[in-house]
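What follows is a single structure, written as structure tokens, with notes after it.
Reminder, nothing fancy here: chain letters follow the sequence lines and each chain counts from 1.
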Amino acid sequence: MEHKASVLENLADVRAMIKRHKRNDTLFAAIGLLCLMFGLVTLMLLFWQLIADGYPKFNIDFLTEFPSRRAGRAGLLSAWVGSLLVMVVTFLTAVPVGVAAGLYLEEYAPKNWFTDLIEINVSNLAGVPSIIYGLLALGLFVYMLDFGQSILTAGLTLGLLILPIVIVSTREAIRSIPVSIREAAYGVGATKWQVVYDHVFKYSYGGILTGIIIGMARALGETAPIITIGALTFIAFLPPSPITTEPPFLNFEWLSSGFTVMPIQMFNWLSRPDHAFHVNAAATGALIIIVTLLMNGTAIWLRYKIRKNIKW
Amino acid sequence: MKTSLFRNTLMAALIAQAFTFAHTAAAADKIIKIDGSSTVYPITEAVAEEFQRAKGVKVTVGESGTGGGFKKFCRGETDISDASRPISQKEMDACKEGGVQFIELPIAYDALTVVVNGKNDWVKQITVAELKKIWEPGSKVKNWKEVNATYPDKPLNLYGPGTASGTFDYFTEAVNGKAKASRTDYTPSEDDNVLVQGVSGNTGGLAYFGLAYYLENTDKLKAVPIVAKEGAKPVLPSEATVMDGTYQPLSRPLFIYVNATAAAFRPEVKAFVNYYLENAPELVKEVKYVPLPKADYTAVKEHFKAMKPGTGFNGTSEVGIKITDLLSRIK
């Protein structure tokens, strides 16, 4: 009796408490939404402004013309080709090295102080300002290895820059594979490599790919390290074509060619006195954001698609 | 999955092989390499664009700044270096060490322009002494009233280029009497458009930068006529006043430094420099800088033809120097 009475007595208090807690719930949800909107709306507004400013330059000519002193004639051709070729080198260096390093650290490396040291270093490297990579590359690639101010140097520099991202995301993707899968594979007599390649790598492929694409999207927008290694600003010709009509059909001269990339071209146009150039800069900025969004979108889509095909 | 991994490994192998190719290719092509000052960049870019169109020789232009450009130039990495100030003693030593001889060619003028907000209706002219009072190291001037007693009681907000800029060096030399000596409590930016925005958004603002940035923003900014000496006439920066030498002390020559060996032994470099000097009068004007007087271009052309290496300066810039005097110093 007494017990029942006390509950009834406190009922109002309990209700008040529940109400208060529910209010906190709503409050936090509102704050969270506000924070989310803050980031999202800022990006949208920036993006919208770039599109509104750069709108007159959204045409094919802008992509097929070389830079020029006349804003109306100036285009992005050497910049986007430069960006593309640099990205190719970055991809071909960062991906094999990064994925292999991630697989090794997660599946093969013994747990000792040395591996710990490497792990701490990799995580730290992900936070090093990009200009530091530029300085390292200037000393190492440009002068010591004598690669010059070339596409090769830029690609390797950005490759180094995104290497930690690739390694970390590879490891995280691998970690999401349940131990039972490995145990099952070992149970039927698979070797370590068979387990790693046929199961661990295949199932984590989507996650790894996401990391790679996000890393590449970051590399695409990098300016500081590329300026440090000495990218050009005016270049009105394209590097030699990587594919030739004569055997061996591949040509590597483009690797040693001078180049410029989209963010540098944008920076140059933005610092011009003539306002017409600022339109070009806005259009370039919009293009970079669109490409980055597309890359990230592809990453999400691929991850979704690959995950759907995994049937455990 | 298997095939794509195989493809990756193959490509990695190809990249590795490409390292060996990378060197041999560079020497063969005939590319004229230019780097240096971002102030001179628009002029060189215009010439490079036209030259490439007309002669089909490849030209690349970078903008590492005057100092950064000389570093590459003195190591022999570039054929021509753009400079918004004369070569310094340190850079001359570096060039000597790198075995690089250079030919110094003035190619245009830039007029450093003192600007105020478009709504500023009290400043009709400014003397160099007043500028010095504002900009000298340790200056405490924070109000227009302190510049001149007849001016209203308005806060004075200063904007200027960063300390790494050649514009900063020349302005401080011309106004404060010593390069790099300046008060430091102003808003600096390496990007002149930021300075334009600063002054156009601030009624009491004052800044200095190259003439081109003023000419593109005459709707928001006002250029202030400069009084060189007590009792002299105030002079506005313009093509005419710079060319006839009355806009003093803030007009400065811009240079290109040509690698003498490249000029002597590589016909395309020689052709490019000749094309540069031939077309400078129109192209310089087109990118909103001030060309040298006709006679001076002739003198500079002669100077290049004679291939006289060396500088007319002693490693420091001089204010108000005549081009012909400068050239005649190099024997």
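- When all heavy atoms are compared, the tightest approach of A:Pro273 to B:Ala212 is CB-O, 3.7 Å.
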Q: Just do the side-chain contact (heavy atoms from CB on, under 4.5 Å) check on B:Tyr159 and B:Tyr208 with the steps written out, would you?
A: CA-CA 7 Å; B:Tyr159 301 84; B:Tyr208 62 90; over 6 Å; no
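- At a heavy-atom separation below 4.5 angstrom, chain A is approached by B:Tyr213, B:Glu216, B:Asn217, B:Lys220 within residues 213-224 of chain B.
- Closest approach of B:Asn117 to B:Asn202, counting heavy atoms only: ND2-O, 3.2 Å.
- Most heavy-atom pairs under 4.5 Å with chain A, from the set B:Asp192, B:Ile34, B:Val287, B:Val59: that is B:Val59.
- For B:Phe70 and B:Tyr257, the distance between ring centers is under 6.0 angstrom.
- Only the side chain of B:Glu286 comes within less than 4.5 Å of a heavy atom in chain A; its backbone stays farther off.
- Residue contact with chain B, scored on non-hydrogen atoms closer than 4.5 Å, is absent for A:Phe259.
- A salt bridge does not link A:Arg70 to A:Glu65: none of the charged side-chain nitrogens sits closer than 4.0 Å to a carboxylate oxygen.
- Only the backbone of A:Leu270 comes within contact range of chain B, with heavy atoms under 4.5 Å apart.
- Between B:Glu63 and A:Asn268, the closest side-chain pair of non-hydrogen atoms falls below 4.5 Å.
- With a 4.5 angstrom heavy-atom cutoff, B:Glu45 touches chain A via backbone and side-chain atoms both.
- Atom CZ of residue B:Phe51 and atom CG of residue B:Asn279 lie 10.5 Å apart, to the nearest 0.5 angstrom.
- Using a 4.0 Å cut-off between a side-chain N of Lys or Arg and a carboxylate O of Asp or Glu, B:Asp35 and B:Lys72 qualify as a salt bridge.
- When the candidates B:Val194, B:Asp191, B:Thr60 are compared by the number of heavy-atom contacts under 4.5 Å with chain A, B:Thr60 comes out ahead.
- By the 4.0 Å N-to-carboxylate-O rule, B:Lys285 lies close enough to B:Glu239 to be salt-bridged with it.
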